[in-house]
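Below is one structure, written out as C-alpha cells; comments come after it.
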Amino acid sequence: MLRVAVIGSGPSGCYTAQSLVQQDPRVRVDVLDRLPCPYGLVRYGVAPDHEKIKSLQNTLRTVLEHERVRFLGGVPVGPGGVPVARLRELYHAVVYCVGAATDRRLGIPGEDLPGSWSATEFVSWYSAHPDSPGLSAPPPLPASPERGNRPEREGTPAGGGFLRGVRSAVVIGVGNVAVDVTRMLARGATELSPTDMPHAALTALAASEVTDIHMVGRRGPSQARFTTKELRELGTLPDTAVAADPAELALDPGYTDPSALPAAQRRNVEVLRGWAGAPVPGARRLIRLRFFLRPAELLARGGRVGAVRFERTVPDGRGGVAGTGRFEDVEAQLVLRSVGYRGVPLEGLPFDAAAGTVPHLGGRVLREGAVAPGEYVAGWIKRGPTGVIGTNRPCAKETVSSLLQDAPDLVGREVPGDPLAVLRAEGIDPVEWTGWQAIERAEAELGASLGRAVVKLPDWESLWAAARSGGA
Ligand code: NAP
C-alpha cells in the first residue's frame with residue numbers, strides 16, 4: 001500500500017487524487033485542506049453566477065467520495081499546523097496542490113488607499129471565503145457639486161459598506177478575473193438571488209449605485225488575457241451597455257488587421273469591434289473597455305480613492321508597450337486591482353520567489369537543484385497562475401506519473417498504519433466528509449430560511465459549528 005497526502009482540495013488536488021487512484025489500485029490518498037470545505041477555487045473563486053462551472057463540484061465530489069480517498073479538512077500545513085517535515089514522516093509521498101494564495105501588487109503610489117481592493121479580496125467577499133476581510137466602508141465621500149450635501153444612503157448592509165457612494169469603479173487588468181469582477185459589479189438582485197453567494201454581499205451588490213465600470217488594459221485589445229466566451233458575456237448583462245473607443249482600439253495593429261492573430265485573439269478583437277463607438281443609450285450601467293493605459297497612481301479625494309491616473313501607452317512593436325508621458329485620470333470611488341494571482345512560500349518547501357512557484361522537474365520538487373524524494377507539486381504552485389480549470393488535469397497527470405514511477409523506492413519506507421490516528425493523537429481533529437456534508441446541510445437550511453436555494457456560510461465560526469454538528 002502506498003500512502004499519499006495531497007495538500008489542497010481544489011481542482012489540482014482533486015485531479016491528482018483521481019489520477020492516483022485510477023492508475024494504481026494500491027494507492028490510498030488523504031486530501032488535506034486548511035479549510036473545512038473542499039473544492040478550493042471552484043468554491044471560493046469561480047464567480048457565483050457561473051453555475052455551469054460551479055457544477056464541476058459534482059465531479060470533484062466523486063473523487064473525494066472514492067473508497068480509497070479521504071477528505072481531511074481544517075488541517076493547515078506549515079506553521080501552526082502539520083509541518084512539512086512531519087508530513088513526510090506520515091506518508092510515503094506528499095503532493096502540494098496549494099495554488100497561488102495571494103495577488104500581485106501594482107507597486108504604485110496610492111495602491112492601498114481606502115476604496116482600493118485587490119480582485120482577490122473582492123472575490124473572497126462575494127464567495128463567502130471565511131478569511132475575507134469583509135470589505136469595510138472607506139471614509140464618507142466629501143460633498144461634491146453634483147452630490148451637494150446629500151447624506152450617505154442609509155441601510156447599506158454590514159459587509160458591503162465599501163460600495164456606499166460608489167458611482168464609478170475602475171477594474172485594472174483585462175484577464176478573466178477582471179471580467180468576473182466587472183460582471184459581478186453590474187449584476188442585479190434578480191440574477192444574483194439564485195446563486196449561493198452570502199446574503200450580505202447579495203444585498204450590497206443589489207443595492208449598489210455603480211453606473212460606470214471602466215475595465216482597463218495596459219496593452220492592446222489583441223493582447224488582452226480574457227477568453228472570448230467570458231468577454232462576450234459582458235454584452236448580455238441586463239440593463240448594461242458595453243462600449244470601447246474606436247480610436248483607442250485602432251492603436252493596436254492586431255485590431256486593424258487581425259489576420260495574423262491566433263484564433264482566440266482574433267475572436268476577442270471581433271467581439272470588441274461590435275462594441276466600438278458610442279454606447280447604446282438607455283442602459284442603467286455602462287461598462288467601458290479601455291486599452292493602452294498603464295496605471296501610474298491612485299489619487300486620493302477626502303481620504304479615500306477618487307481617481308486613477310493612467311499613463312497613455314503605445315505599442316512598442318515587440319508585444320509590449322512604451323509610455324508616452326501623457327496622462328489621463330479616470331474617476332473611481334472603487335478600484336479593483338485584477339492583475340493576477342501569486343504563489344506564497346510554504347515553510348519547509350523550497351520556493352522560487354521570482355516565479356512564485358516551487359521549483360520542480362516533471363512535478364518532482366527540487367531542493368537545491370536535486371530531486372527531493374517523495375515530494376511533488378501540481379497546479380498553480382507548480383506552473384504559476386495560468387490556464388482554466390481543465391488545464392489542471394494534464395498537469396496533475398504529469399506529476400502522478402512521476403510519483404508512480406518513483407513508487408517502488410518510496411513504498412519501502414515505513415510509515416504509520418493510519419496517519420489520521422497519529423494526527424488525532426497529536427491534537428489535530430480534522431473535519432471528515434461527514435463534517436463537510438453537515439456544512440452542506442446547514443447551507444441548504446440557511447438558504448431555505450432566506451427564501452433562496454443553498455446560501456454559503458460566511459465565517460469560520462458558523463462553518464466549524466456546522467461541521468462539528470456532523471459528528472466528525
Ligand atoms: P491574467 O489572465 O494573468 O490577467 C492579468 C491581467 O493583469 C492582464 O491583463 C495583465 O496585463 C494585467 N497586469 C498585470 N500586471 C499589471 C500591471 N502592473 N499593471 C496593469 N496591468 C497589469 O490573470 P487573472 O485574470 O487573475 O486570471 C488568472 C487565471 O485564472 C487565468 O488563467 C484565467 O484565465 C483563469 N480564470 C478563468 C476564468 C474562467 O475560465 N471563467 C475565470 C477567472 C480566472 P499584461 O497582459 O499586459 O501583463
Side-chain angles (χ1 to χ4, degrees), residues 10-12 40-56 99-111 116-124 126-127 170-184 214-234 252 254 264-265 268 272 289-298 308-316 318-323 330 335-343 355-357 379-393 395:
S12 63
L41 275 187
V42 177
R43 179 173 161 89
Y44 287 119
V46 171
D49 63 334
H50 273 177
E51 273 152 26
K52 198 158 162 222
I53 308 181
K54 281 236 170 260
S55 69
L56 192 71
T102 191
D103 47 274
R104 279 201 210 122
R105 301 277 299 166
L106 285 172
I108 58 172
E111 182 162 9
S116 162
W117 304 95
S118 72
T120 323
E121 289 169 313
F122 185 61
V123 170
S124 292
Y126 66 57
S127 302
V170 163
V171 177
I172 299 177
V174 283
N176 276 334
V177 170
V179 176
D180 276 348
V181 300
T182 296
R183 195 181 64 253
M184 289 302 290
H214 310 260
M215 191 172 115
V216 188
R218 60 181 171 178
R219 298 191 290 157
S222 72
Q223 291 145 336
R225 302 274 186 97
F226 41 58
T227 42
T228 312
K229 185 162 166 273
E230 278 62 32
L231 175 66
R232 206 175 268 139
E233 196 181 357
L234 292 178
D252 184 347
Q265 276 72 39
N268 281 349
L272 289 164
L289 301 174
R290 303 291 313 271
F291 295 95
F292 294 112
L293 290 172
R294 174 158 81 190
E297 184 177 358
L298 269 60
V308 184
R309 176 158 295 166
F310 291 98
E311 182 180 13
R312 164 73 53 203
T313 61
V314 287
D316 66 3
R318 298 185 303 277
V321 285
V330 179
V335 175
L336 298 176
R337 310 178 312 266
S338 183
V339 295
Y341 289 90
R342 202 182 143 66
T357 54
W380 277 2
I381 197 64
K382 170 185 173 188
R383 61 175 206 276
T386 58
V388 292
I389 292 171
T391 317
N392 291 297
R393 215 184 253 274
C395 176

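First listed ligand is number 1; within each ligand, the first listed atom is number 1. The structure displayed is predicted, hence computed values, not measured ones.
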Within a distance under 4.0 Å of any heavy atom of [X], pick out the atoms of ligand 1 and give their elements.
X: R104; value: 14 (C)
X: D180; value: 42 (C), 43 (C)
X: G340; value: 23 (O), 26 (O)
X: V388; value: 40 (O)
X: P295; value: 19 (N), 20 (C)
X: S338; value: 6 (C), 7 (O)
X: P385; value: 28 (C), 29 (C)
X: R219; value: 45 (P), 46 (O), 47 (O)

Contact partition for L106 relative to ligand 1, non-hydrogen atoms under 4.0 Å:
side chain
Could you say whether the N/O atoms of [X] and ligand 1 ever approach to under 3.5 Å?
X: I53; result: no
X: G173; result: no
X: R225; result: yes
X: E230; result: yes
X: Q223; result: no
X: V177; result: yes

Yes or no: does G217 have any heavy atom under 4.0 Å from an atom of ligand 1?
no
Mark the output for W380 as yes if a heavy-atom distance to ligand 1 is under 4.0 Å, and as no if none is.
yes
Step by step, would you call R383 with N392 a side-chain contact (heavy atoms from CB on, under 4.5 Å)?
CA-CA 10 Å; R383 61 175 206 276; N392 291 297; 3.0 Å; yes
Partners passing ring pair (Phe, Tyr, Trp, His ring centres under 6.0 Å) against F292 (at least two apart in sequence or in another chain):
none
Could you work out, with ring pair (Phe, Tyr, Trp, His ring centres under 6.0 Å) as the rule, every residue matching Y341, not counting sequence neighbours?
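If we apply the ring pair (Phe, Tyr, Trp, His ring centres under 6.0 Å) test to Y341, skipping adjacent residues, the hits are W380.
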Considering non-hydrogen atoms of the protein only, which is the closest contact for [atom], and what is the distance?
atom: atom 17 (C) of ligand 1; answer: R218 NH1, 3.3 Å
atom: atom 5 (C) of ligand 1; answer: V339 C, 3.9 Å
atom: atom 38 (C) of ligand 1; answer: N176 CB, 3.5 Å
atom: atom 4 (O) of ligand 1; answer: G175 CA, 3.7 Å

To the nearest 0.5 Å, what is the distance between CD on E233 and OG1 on T227?
10.0 Å
